[in-house]
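This report concerns only the one structure given below.
Every chain is numbered from 1 and lettered A, B, ... according to where its sequence line falls, protein lines coming before strand lines.
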2 protein chains.
Amino acid sequence: MSNLETYPRPSVAVDLAIMTVVDGALKALLVERPEDNVPGWAMPGGFVYLDQSLDQTVARVLAEKVGQPQVRFEQLATYGAVDRDPRGRVISVVYMALCPAAALAGMPLSTIRVAWEGVAGGVAEAVQNGASLPLAFDHAEILGDVVKRLRGKLDYSRIGFAFLPQRFTLREVQEVHEAILGRSLNKPPFRRKLLDRGMIIPTGEFETGGAYRPAELYTLKPEE
Amino acid sequence: MSNLETYPRPSVAVDLAIMTVVDGALKALLVERPEDNVPGWAMPGGFVYLDQSLDQTVARVLAEKVGQPQVRFEQLATYGAVDRDPRGRVISVVYMALCPAAALAGMPLSTIRVAWEGVAGGVAEAVQNGASLPLAFDHAEILGDVVKRLRGKLDYSRIGFAFLPQRFTLREVQEVHEAILGRSLNKPPFRRKLLDRGMIIPTGEFETGGAYRPAELYTLKPEE
DNA sequence: TTAGGTAATTACTAATATGGATATTACAGA
DNA sequence: TCTGTAATATCCATATTAGTAATTACCTAA
């Protein structure tokens, strides 16, 4: 706890696992790295400045790189292997940012949004148009941890609703859960559990435009 | 992702929430801070060196300050408010180290082991001989988060067994759970759930020295 | 207008898990 | 040998859950 001034310090970065569910699949927003000696696709990130907290850094990165400062986020974990970045010692505090697919639609990104698939073995893999893309740094491992965390928190927290718009149908909730868990669920028990939990309230309105019987729209009950 | 060399960096520290259960109470090992402008009691910690990973730093701090490098630990979260340390910008990666009370018995610490109590309101409070002691930095908030995490993981992970010696009785397991949850549990259902889970195996041996009927000793089944 | 198709919603039943009380067993010490 | 205490086993009522089947509602197209 001494030498606070002269201590040789690692760099500290914030990396964002910006997750969404599109067409029943869990996906991560990745950016292609600039031309340096670390090729591949990576989560967007930025360094922590001396006068900004971690949360402020996350908001800054969201605004700078994604143009979406409003997304809700929560901390996942911190990764600090000595050689995880070949350019120098970087400790990354990783946050998950969860948002509905629509929120990323008009994204002013020059980089490409890349689907992520493949939970098998706990290792993530970036995929674009069916072709496998390499992930930079330890980001494959990190995305594997993201999925583990999402699965673990799915049925006791309101984390799943972060992927949905303000008003949603029960089917949409189930689609999100199935995408995260990677398996199909039975409809009646799922609906019952969801409604019994008391986290959502019916709006009395119904979806429109569908070809068949419209489902009722629900909203998330505000937190106490 | 530029200026890896010249970037003005925060300090990075590892702080340890060394938790144990003694006499049915959850306690944290705290050290009294040296005389500087941050008074109070704090979790032991140390800075992250350029050539050591986070895990290696934890092992180093455990060896240096506690003399117990063998304790199992896991990451809790990272705290990075700008003003959390008045001496300068410090980002703390906090780890939980869970150990049986016996492991801390012969501890070569010049500092004092302090009981921690008071989950009420989610704010921790250091207590010694019934007198309240102030916690330094944001360590009260962090210890509150530790308890939340322990409670959350208690019944789907093997985290509770980290507080017990290799061979233990079912009653000891229940005591640990009650200490962490802060409430008493019914014995028969607790035993059933524990045994049905298949995480522990009976040794066929029994405790000795007790005044009454001896309980069977169990061990934790090794992880697959 | 009306029949057909599909998905939303409800109703029902069997299986399982849970909580809690009660009884039985085993040991130490008087 | 008796007594006290805690470990262990037994039991039952209740709550929860999974799954199947039936019903309802809307859109489409003839």
Does one side chain, of Tyr79(B) or Asp145(B), offer a donor that lies under 3.5 Å from an acceptor on the other? yes
Distance, rounded to the nearest Å, where Asn186(B) contributes CG and dA7(D) contributes P: 14 Å
Electrostatic pair Asp196(B)-Lys193(B), nearest N-O below 4.0 angstrom: no
Specify the angle, to 10°, made by the local axes at the two ends of the helix from dT1(C)-dA30(D) to dA30(C)-dT1(D) when five pairs are taken at each end. 0°
Evaluate the side-chain proximity of Leu164(A) to Leu220(A): yes if any heavy-atom separation is below 4.5 Å, no if none is. no
Does atom CD of Glu64(A) have more than 12 heavy-atom neighbours, drawn from other residues, nucleotides or ligands, at distances under 6.0 Å? yes
Whole-Å distance between dC27(C) C1' and Leu217(B) CG? 15 Å
Strictly below 4.0 Å, heavy-atom distances to any atom of DNA chain D: list the hits from residues 188-196 of chain A, or just say none. Pro188(A), Pro189(A), Arg192(A)
Do you know the tightest heavy-atom contact between Ala42(B) and Ala136(B)? CB-CB, 4.2 Å
Could you pull out all residues at least two apart from Arg149(A) that satisfy salt bridge (Lys or Arg N to Asp or Glu O under 4.0 Å)? none
Checking Tyr95(A) now: which residues fulfil ring pair (Phe, Tyr, Trp, His ring centres under 6.0 Å) with it, not counting sequence neighbours? Phe73(A)
Whole-Å gap separating P (dC27(C)) and CD (Glu207(B)): 12 Å
DNA chain D contacts among residues 156-165 of chain B, heavy-atom distance under 4.0 Å: none
Contact list for DNA chain D against residues 167-177 of chain B - heavy-atom distance below 4.0 Å: Arg171(B)
Can you list everything that forms a salt bridge (Lys or Arg N to Asp or Glu O under 4.0 Å) with Lys153(B)? Sequence neighbours excluded, please. Glu74(B)
Salt bridge (Lys or Arg N to Asp or Glu O under 4.0 Å) partners for Glu216(A), two or more places apart: none
Rounded to whole Å, the NZ-P distance (Lys187(B) to dA23(C)) equals 16 Å
Kindly write out the residues that satisfy ring pair (Phe, Tyr, Trp, His ring centres under 6.0 Å) with Phe190(A), not counting sequence neighbours, or none if the list is empty. His177(A)
Arg197(B), CZ: over 12 other non-hydrogen atoms inside 6.0 angstrom: yes
Evaluate the side-chain proximity of Leu135(B) to Ile142(B): yes if any heavy-atom separation is below 4.5 Å, no if none is. no
Pairwise N/O distances under 3.5 Å, protein to nucleotides 15-17 of chain C:
none

Quick one, Val93(A) and Gln75(A) - any side-chain contact, counting heavy atoms below 4.5 Å? yes
Arg171(B)/Glu207(B) ion pair, N-O < 4.0 Å: yes
What is the distance from CZ of Phe206(A) to P of dT24(D), rounded to the nearest Å? 16 Å
Name the closest nucleotide to the Arg213(B) side chain, picking from dA7(C), dG4(D), dA26(C). dA26(C)
For Gln52(A), check side-chain hydrogen bond (donor to acceptor under 3.5 Å, both in side chains) against everything at least two apart and list the hits. Arg60(A)
Taking side-chain hydrogen bond (donor to acceptor under 3.5 Å, both in side chains) as the test, write out the residues that go with Lys221(B), two or more places apart. none
